[in-house]
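Since the structure is predicted, the reported quantities are computational estimates derived from the model, not experimental observations. The first residue of the sequence shown is numbered 1, and numbering continues consecutively from there.
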Amino acid sequence: MSPELMVLYEQRAGLPVSVSIDLLSSARERIQLLVYAALFPTQRLRLSHFLEGGELPRAYLSSGFGAAPDRHQRRFSDSTADAWAERVSLLRGDSHTLIGAAVHSVRAVPAGQLATVADFARHRDAPLHVHLSEQRAENEACLAATGRTPTQLLADHGVLGPRTTGVHNTHLTDEDITLIGTSGTGTCMCPTTERDLADGIGPAPRLQRAGSPLSLGSDSHAVIDLFEETRALELNERLRTRTRGHWTAAALLRAATADGHAALGRPEAGTLAPGAPADLTTLALDTVRTAGAPPLLGAETAVFAASAADVTHVLVGGRVIVRDGVHVRLPGTGRALAEAVAAVRDGGGR
């Protein structure tokens, strides 16, 4: 048997592996499922999150400050936060499904309706996520429209707090960092998206020192590989500061596991402990990327060398999802993905 390293694993953007393809009603949905299964089959999937088009049911009510949704955005807009809350309240969770909430961004939810989404999450003790200061243009538009930074606006309307995670948190003022840290609001860094969109490198060390728990995600589909996100957090900071060693491999793994679970509203998960969910991933230690490292450096190997291609087995809640590198529910994902993409390209998904 190949040498393997077992690590705890949680990907922040995804959909439920237990979903049946028969439940997917369009070629686009099928493609998303197959993209996740083919490129990163280790993810825990949540059907309600997937059908909302994101990790959490998101409120998307405007295309900008004072601007109505455009014709493309109208298909996933609820028009008002009250309508969003009414729709999302119909969703039901179970032992593998947790229903949360998301403010897409301060430009997509009018200031006067932010509290509705925050109250929805608060009353259900549910996680609340929001894209925050990802790009400078968002900050400039927010200041012009409200006289406040996005972080200040969220604080004004009760959105910040321990159940809230700001996604990106890239372009922040000193006051923003203090507001996020002292409120216990989390920070989800998405390094591959932030570099793909030329967003910039966020102040992760300062946020963490201020009291903001760090977690990791992908946000876009440019890359679906949490190992890459994990090492990119450290490597981006090295580029920004021209110094090394900002986080240990263990600290980076915690951001990718325990703190990622906590950001999803499951603080009991993400650790090897009695009673914790058996969400486990094994990595081969004899691939061209991982060979040669001693087992004692397993954490360093996982963070700085491994990729999703090195995953051998995955358990979610004790159930085998991937065995010997093959998804047990969705074998042949590469071929199926190519067929699904071709169907959409040829007009079959319209």
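Two residues are said to be in side-chain contact when any heavy atoms from C-beta on lie closer than 4.5 Å; V320 and V314 fail this criterion. Side-chain atoms of T312 and D324, non-hydrogen and from C-beta on, never get closer than 4.5 Å to each other. Side-chain contact between I201 and E194 is absent, with no heavy atoms from C-beta onward closer than 4.5 Å. At least one side-chain heavy atom of V311 sits less than 4.5 Å from a side-chain heavy atom of F227. The closest side-chain heavy-atom distance from L154 to L114 is below 4.5 Å. Side chains of N169 and I180 form a contact here, defined as non-hydrogen atoms less than 4.5 Å apart. Inter-residue side-chain proximity for T257 and T271 is flagged as unmet; no heavy-atom pair is nearer than 4.5 Å. Counting heavy atoms from C-beta outward, W84 and T116 have side chains that stay 4.5 Å or more apart.
The line from CG of D259 to CZ of R254 is 4.5 Å long, rounded to the nearest 0.5 Å. With rounding to the nearest 0.5 Å, the separation of CG in L216 from OG1 in T230 is 5.0 Å. From E175, atom CD reaches atom OG1 of T151 across 9.0 Å, with rounding to the nearest 0.5 Å. The CD atom of E229 sits 6.5 Å away from atom OG1 of T193, with the distance rounded to the nearest 0.5 Å. Interatomic distance, CG of D196 versus OG of S218, reported as 11.5 Å (0.5 Å rounding). Atom-to-atom distance recorded for T241:OG1 and R244:CZ is 10.5 Å, nearest 0.5 angstrom.
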For a side-chain contact (heavy atoms from CB on, under 4.5 Å) check, start with the C-alpha distance between L197 and S220, then their side-chain angles and the critical distance, and finish with the verdict. CA-CA 10 Å; L197 299 180; S220 73; 5.8 Å; no
Applying side-chain contact (heavy atoms from CB on, under 4.5 Å) to T243 and R238, what does each step give before you reach the verdict? CA-CA 5 Å; T243 60; R238 293 183 186 185; over 6 Å; no
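In this structure, T185 contributes its side chain and G181 its backbone to no donor-acceptor pair below 3.5 Å. Under the 3.5 Å distance criterion, the side-chain polar atoms of R289 are left unmatched by any main-chain donor or acceptor of D286. The backbone N or O of A308 sits less than 3.5 Å from a side-chain atom of D225, completing a donor-acceptor pair. Side-chain atoms of R163 never come within 3.5 Å of backbone atoms of L128 as a donor-acceptor pair (strictly under, hydrogens ignored). Within the 3.5 Å criterion, the main-chain N or O of A81 finds a donor-acceptor partner in the side chain of Q113. Side-chain N or O atoms of T282 include one that pairs as donor or acceptor with a backbone N or O of H313 at under 3.5 Å.
F304 and L253 fall within the same hydrophobic cluster, defined by Ile, Leu, Val, Met, Phe, Trp and Tyr side-chain heavy atoms under 4.5 Å apart, directly or through other members. Cluster membership for L143 and L153, using ILVMFWY side-chain heavy atoms within less than 4.5 angstrom, is not shared. L91 and F120 fall within a single hydrophobic cluster, where Ile, Leu, Val, Met, Phe, Trp and Tyr are joined by side-chain heavy atoms under 4.5 Å apart, directly or via other members.
In the model, D176 has a side-chain atom that pairs as donor or acceptor with a side-chain atom of T149 under 3.5 Å. In summary, the side chains of T170 and E134 do not present any donor paired with an acceptor at a separation below 3.5 Å, with no hydrogens or angles considered. For the residue pair S212 and T187, a side-chain donor N or O sits within less than 3.5 Å of a side-chain acceptor on the partner. Between H261 and S215, the side chains place no donor N or O within less than 3.5 Å of an acceptor N or O (distance only, hydrogens not considered).
Listed by chain and number, the residues in a side-chain contact (heavy atoms from CB on, under 4.5 Å) with P205 are R209, E237, W247 (sequence neighbours excluded). Under the side chain to side chain donor-acceptor pair (under 3.5 Å) criterion, D119 pairs with R122, sequence neighbours left out.
The two atoms that bring G217 and P191 nearest to each other are O-CD, 4.3 Å, heavy atoms only. For the pair P203 and I177, the tightest heavy-atom approach, listed with the atom from each and the gap, is CG-CD1, 4.0 Å. For P127 against I99, the heavy-atom pair with the smallest separation is CD-O, 4.5 Å. Closest approach of A263 and H129 over heavy atoms only: O-NE2, 2.9 Å. The shortest non-hydrogen separation linking S105 to V130 is CA-CG2, 4.2 Å. Contact record, L179 with S183: O-OG, 2.8 Å, taken as the closest heavy-atom pair.
Residue-environment remark: CD (E268) exceeds the threshold of 12 foreign heavy atoms within 6.0 Å.
Ion pairing between D199 and R136 fails under the 4.0 Å rule for side-chain N and carboxylate O. The existence of a salt bridge linking R195 and E228 is confirmed by a sub-4.0 Å separation between a basic side-chain nitrogen and an acidic carboxylate oxygen.
Evaluation of the ring-ring contact (aromatic ring centres under 6.0 Å, His included) test over residues 153-196, restricted to residues two or more places apart or in two chains, returns H131-H168.
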